[in-house]
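For reference, the structure is listed below as structure tokens.
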Amino acid sequence: MQKVEDNRSEQEFTLSIEGETAVAAYQREGDTIVFTHTKVPEPIEGQGVGSRLIRAALDSARDQGLNVVPQCQFVAAYIDRHPEYRDLLA
């Protein structure tokens with residue numbers, strides 16, 4: 001199974017599947033991570049790729065003790081659907 005990677009130099013979490021890469025862009029501001037944009041390429045849409053990506057990104061934020069600001073609508077909607085992540089909200 002493919003693994004979500006945290007490319008800190010580019011400030012994005014990535015997940016590559018079938019030669020396509022989904023991206024969750026972020027900005028770190030002290031103890032806060034601001035998710036600014038999520039993109040899942042069309043060929044791999046509808047396969048749960050975005051959800052896997054965001055779940056791993058939020059788990060990483062939790063592991064690092066970060067507060068989350070979901071500027072990206074996809075991340076905000078994911079948190080709405082998964083209340084176990086609401087405690088991360090800044």
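Leu58 and Val49 fall within a single hydrophobic cluster, where Ile, Leu, Val, Met, Phe, Trp and Tyr are joined by side-chain heavy atoms under 4.5 Å apart, directly or via other members. By the criterion of side-chain heavy atoms lying less than 4.5 angstrom apart, applied directly or through intervening Ile, Leu, Val, Met, Phe, Trp or Tyr residues, Val75 is not grouped with Val34; the two fall into different hydrophobic clusters. Hydrophobic cluster membership differs between Phe13 and Val23, with clusters built from Ile, Leu, Val, Met, Phe, Trp and Tyr side chains linked at under 4.5 angstrom.
Side-chain contact between Ile33 and Asn67 is absent, with no heavy atoms from C-beta onward closer than 4.5 Å. Annotation: side chain of Phe74 is in contact with side chain of Ile54 (closest heavy-atom distance under 4.5 Å). A 4.5 Å side-chain heavy-atom check between Asp6 and Tyr26 finds at least one atom pair inside the cut-off. Residues Glu84 and Arg86 fail the side-chain proximity criterion, which asks for heavy atoms closer than 4.5 Å. Within the 4.5 Å cutoff, the side chain of Cys72 has heavy atoms near those of the Thr38 side chain. Two residues are said to be in side-chain contact when any heavy atoms from C-beta on lie closer than 4.5 Å; Arg62 and Asp87 meet this criterion. Residues Lys39 and His37 form a side-chain contact, since some pair of their non-hydrogen atoms from C-beta on lies under 4.5 Å apart. Considering only heavy atoms from C-beta on, Leu66 stays 4.5 Å or farther from Leu88 through its side chain.
Taking the six-membered ring where tryptophan is involved, the planes of His82 and Tyr85 are perpendicular, since the angle between them exceeds 60° and thus also 30°.
Every side-chain contact (heavy atoms from CB on, under 4.5 Å) that Asn7 has, sequence neighbours left out, goes to Ser9, Glu10, Glu12. Considering only residues two or more places apart in sequence or on other chains, Gln73 meets the side-chain contact (heavy atoms from CB on, under 4.5 Å) condition with none of them. When the side-chain contact (heavy atoms from CB on, under 4.5 Å) test is applied to Pro41, the partners found at least two apart in sequence or on another chain are Glu20, Ala22, Pro43, Ile44.
Here the shortest heavy-atom pairing between Ala24 and Leu53 reads N-CD2, 3.6 Å.
One finds the OG atom of Ser60 at 6.5 Å from the CZ atom of Arg8 (value rounded to the nearest 0.5 Å). If you take CD on Gln71 and CD on Gln27, they are separated by 7.0 Å, rounding to the nearest 0.5 Å. Rounding to the nearest 0.5 Å places CD of Gln11 at 8.5 Å from CZ of Arg28.
With hydrogens and angles ignored, the 3.5 Å screen pairs no side-chain donor or acceptor of Arg52 with any backbone N or O of Val4.
For the residue pair Thr21 / Thr14, no side-chain donor-acceptor distance below 3.5 Å is found, with atom types taken as modelled.
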